[in-house]
Amino acid sequence: MSDTTTAEGAAATNGKLSHRQILTILSGLMLGMFLAALDQTIVSSSMRTIADELHGLSLQAWATTAYLITATLSTPLYGKLSDLYGRKPMYLTAISLFLVGSLASGMATSMYELAAFRAFQGLGAGGLMSLALAIITDITAPRERSKYQGYFMAVFGISSVAGPVVGGFFAGIDSFAGITGWRWVFLVNVPIALAALVVVTKVLNLPHTRVNQKVDYWGAVALATGLVPLLIVAEQGREWGWGSAASIAMYVVGALGVTAFVWIERRMGDAALLPLRLFKRPVFRMATLVTVVQGAGMFGAMMSLPLYLQIVKGATPTQAGLQMLPLTLGIMIASLTSGRLISKTGRYKMFAVAGIGLMAAALFALSTITVDTSLSLVMVIAFVIGLGLGASMQTLVLAATNDVRPQDIGVATSAATFFRQIGGTAGTAVFLSILFGTVGDRIANALRSAMTTPAYVSALAQHPEFAQQMKSGLDVNDTSFLSTLDPTLARPILQGFAESMSTVFLVGGIVLTVGFALVWFLKEKPLSDKSAMEQRAEAEADGAPALALAH
């Protein structure tokens with residue numbers, strides 16, 4: 001195997017960059033990450049409007065599922081390919097694919113077209129976040145890295161608020177600049193992506209050590225065979241039934257694919273898409289395990305809380321996005337503060353412990369909410385969730401990447417993103433199943449209690465159309481009628497939703513408690529004062545083979 005040093009542009013010969021150089025590169029990375037983070041929330045808040053416009057309400061889930069599948073599958077591929085061929089060309093590829101997919105999605109004329117274009121868009125999304133983390137890991141020493149990763153967390157938090165606001169705005173207008181309003185949900189990505197391409201092309205100039213190594217194509221095929229059925233059943237299982245023939249078939253095919261993937265990765269060794277030797281490193285293994293658990297609890301909370309605000313509190317998607325501002329504030333405060341303290345002290349485990357502990361406590365607090373809980377209290381709890389997320393999310397990535405060789409940075413950071421997505425997908429599927437699996441009975445119980453009160457009976461007599469609707473069965477998948485329903489008649493339904501969401505938050509708290517218990521076993525490995533680029537440059541100066549360098 002031969003190694004040839006190539007340059008992606010001019011860089012310091014010793015691999016060390018100044019603070020100003022790092023911030024310049026960071027500007028391009030943040031644009032790319034903002035694209036991926038914003039898209040996740042802007043589309044979800046407007047999908048029902050889009051489905052109505054394209055006459056495909058029953059197909060709307062496939063537009064999300066197609067994007068999720070390609071984004072998840074491509075994440076480890078970007079990590080491995082960037083280790084082999086360089087970060088800059090792969091990052092530009094990811095932005096370009098996302099740009100073309102966004103433009104095509106904005107011109108879709110049917111839900112089938114939209115699903116196909118969203119799948120193409122996902123091919124780019126898989127590299128935007130993982131490669132940004134890999135690049136910042138390349139150019140910063142672990143001791144200093146959290147200061148810069150804090151900016152990424154701020155982007156993540158801002159997008160979680162801006163997405164519903166922007167998505168709700170475009171979904172709520174007929175047209176903008178002569179183009180149908182909902183199409184801007186996708187087209188808004190185009191100028192951001194173009195700016196990202198220009199900035200990244202100009203500023204991302206890093207040396208790269210080219211490695212002649214096979215690309216693990218069979219591993220990629222096996223991973224697709226294993227994950228696609230499991231991701232599909234995670235998204236569709238509630239509609240199909242978790243024990244239906246279709247779901248069972250997906251479980252079987254997925255299990256066979258995962259088994260084949262592990263076998264292939266074992267045979268491929270260093271050339272594997274996801275080298276199994278990484279999991280022999282105790283810090284990487286534990287950080288990855290906690291990341292999966294955190295992903296399940298995190299996405300469960302961030303999915304359920306806006307639902308509570310919109311359904312129970314009657315907020316529009318735009319209002320719900322603004323009401324999530326305290327969560328964003330918490331993320332920004334905790335990520336920036338913890339980053340500076342980690343840089344100063346070199347200690348990071350306590351932030352992972354405290355962060356996951358805060359998130360678990362906040363979800364347990366949310367499990368006590370009712371239909372009458374004040375909005376101010378919910379926003380305070382959201383702030384605490386943000387603190388926990390900002391303190392722990394970046395710290396787990398730092399722990400994982402600090403435990404691997406410089407040559408494995410790409411695959412290690414993509415693995416962290418990949419497993420967080422897997423945990424988030426599983427958590428979202430489970431939490432939505434709990435919500436919609438229990439809400440019918442909770443509403444029925446609340447209605448039975450309400451029927452014993454004169455006020456409810458009187459209100460029902462004044463609205464015979466609703467009484468008829470109740471006889472034919474309420475559709476809990478469409479709650480738009482609640483906004484115009486008599487408050488007395490709406491209260492039992494809102495109460496049922498609040499009780500089911502309380503159960504969801506309780507389960508989320510339990511999941512994060514498991515993560516809190518596990519994170520105590522995370523070994524705190526001393527943080528290096530040299531970036532991966534510096535270590536590779538030193539190894540090459542000493543004549544050491546790049547792949548033989550141990551971290």
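Treat the numbers as computed from the prediction; the structure is a model and nothing was measured.
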| message | Give me the atom names and distance for the closest heavy-atom approach of V511 to A296. | response | CG1-CB, 4.2 Å

| request: Report yes if some heavy atom in the side chain of L307 is under 4.5 Å from a heavy atom in the side chain of M501; otherwise report no. | output: yes

| field | I139 and its side chain to side chain contact (heavy atoms under 4.5 Å, CB included) partner, picked from L204, I25, L26 | value | I25

| Closest heavy-atom pair and its distance - L358, V384 | O-CG1, 3.9 Å

| task | Determine whether more than 12 heavy atoms belonging to other residues, nucleotides or ligands lie under 6.0 Å from atom CZ of F364. | result | yes

| request: Among R285, K280, K525, find the residue that satisfies the salt bridge (Lys or Arg N to Asp or Glu O under 4.0 Å) test when tested with D403. | output: K525

| task | I would like to know whether M30 and F152 meet side chain to side chain contact (heavy atoms under 4.5 Å, CB included); could you show each step before the answer? | result | CA-CA 6 Å; M30 289 172 69; F152 286 164; 3.8 Å; yes

| field | T337 side chain vs A334 backbone, donor-acceptor pair below 3.5 Å | value | no

| request: Applying salt bridge (Lys or Arg N to Asp or Glu O under 4.0 Å), name anything that partners R442, two or more places apart in sequence or on another chain. | output: none

| said: Do F419 and L289 make a side-chain contact, defined as non-hydrogen atoms from C-beta onward lying under 4.5 Å apart? | reply: no

| note | Looking only at heavy atoms, the pair that brings L274 and A415 closest together is CD1-CB, 3.6 Å

| Checking T373 side chain against T370 main chain: does a donor-acceptor pair fall under 3.5 Å? | yes

| remark: side chain to side chain contact (heavy atoms under 4.5 Å, CB included) test vs T137 passes for just one of V404, T401, L398, namely T401

| query | Is the closest side-chain heavy-atom distance between R87 and I409 below 4.5 Å? | reply | yes

| message | Quick test of your reading of the model: are R491 and D486 salt-bridged, counting only N-O distances below 4.0 Å? | response | no

| task | Please report the C-alpha distance between T417 and T413 in whole Å, then the side-chain angles of each, then the deciding distance to 0.1 Å, and finally whether the side chain to side chain contact (heavy atoms under 4.5 Å, CB included) criterion is met. | result | CA-CA 6 Å; T417 305; T413 50; 5.6 Å; no

| remark: Those residues at least two apart in sequence (or on a different chain) that pass ring pair (Phe, Tyr, Trp, His ring centres under 6.0 Å) with W520 are F516

| query | Less than 4.5 Å apart, any side-chain heavy atom of V378 and any of I381? | reply | no

| Quick check: does any side chain N or O of R143 sit under 3.5 Å from a backbone N or O of K344, one acting as donor and the other as acceptor? | yes

| field | Chi angles and distances behind the side chain to side chain contact (heavy atoms under 4.5 Å, CB included) call for I69, L227 | value | CA-CA 8 Å; I69 288 172; L227 281 186; over 6 Å; no

| query | Looking only at atom types and distance, does a side-chain atom of Y78 sit under 3.5 Å from a main-chain N or O of L123, one as donor and one as acceptor? | reply | yes

| task | Search all heavy atoms of A391 against all heavy atoms of S338 and return the closest pair with its distance. | result | CA-OG, 4.2 Å

| request: May I ask you to test the T425-T428 pair for a side-chain heavy-atom distance under 4.5 Å? | output: no

| request: Kindly say whether A71 contributes a backbone atom to a donor-acceptor pair with the side chain of T75 at under 3.5 angstrom? | output: yes

| If every non-hydrogen atom of T291 is compared with every non-hydrogen atom of A416, which pair is closest and at what distance? | CG2-O, 3.6 Å

| query | So, the side chain of S102 versus the backbone of N189: is there a donor-acceptor pair under 3.5 Å, distance only? | reply | no

| message | Does either side chain, that of T438 or that of S500, offer a donor lying less than 3.5 Å from an acceptor on the other one? | response | yes

| field | Atom pair CG (L512) and CG (L518), whose distance is rounded to the nearest 0.5 Å | value | 11.0 Å

| Within a strict 4.5 Å, meaning less than it, do heavy atoms of the L377 and S374 side chains meet? | yes

| query | Got a donor-acceptor contact below 3.5 angstrom from the S502 side chain to the A498 backbone? | reply | no

| request: Tell me, with the steps shown, if M33 and L128 meet side chain to side chain contact (heavy atoms under 4.5 Å, CB included). | output: CA-CA 6 Å; M33 181 171 278; L128 292 177; over 6 Å; no

| query | Tell me, do I136 and I22 make a side-chain contact under 4.5 Å, heavy atoms counted? | reply | yes

| message | Working to the nearest 0.5 angstrom, can you tell me the gap between Q421 CD and S414 OG? | response | 10.0 Å

| said: As a quick check of understanding, evaluate salt bridge (Lys or Arg N to Asp or Glu O under 4.0 Å) for D39 and R118, giving each step before the final call. | reply: CA-CA 11 Å; D39 191 77; R118 287 280 286 161; 2.7 Å; yes

| message | Taking G339's backbone N and O only, do any of them form a donor-acceptor pair with S343's side chain (distance below 3.5 Å, no angle check)? | response | no

| How close do M379 and P326 get, heavy atom to heavy atom, and via which atoms? | O-CB, 3.3 Å

| task | Measure the spacing between CD of Q323 and CG of L375 and express it to the nearest 0.5 Å. | result | 4.5 Å

| query | Taking the inter-plane angle between the rings of W184 and F170 on a 0 to 90° scale, is it parallel (under 30°), tilted (30 to 60°) or perpendicular (over 60°)? | reply | parallel

| message | Looking at E524 and K349, would you say the former's side chain and the latter's main chain have a donor-acceptor pair under 3.5 Å? | response | yes

| note | In this structure, CG of L527 is separated from CG of N402 (nearest 0.5 Å) by 5.0 Å

| query | With distance as the sole test, does R145 use its side chain to make a donor-acceptor pair with the main-chain N or O of T140 at under 3.5 Å? | reply | yes

| request: Find the distance between OG (S82) and CD1 (I135) and round it off to the nearest 0.5 Å. | output: 7.5 Å

| task | Could you tell me whether the side chain of F418 reaches within less than 4.5 Å of the side chain of L223, counting heavy atoms only? | result | yes

| Once you round to the nearest 0.5 Å, how far does CG of L29 lie from CG of L133? | 9.0 Å

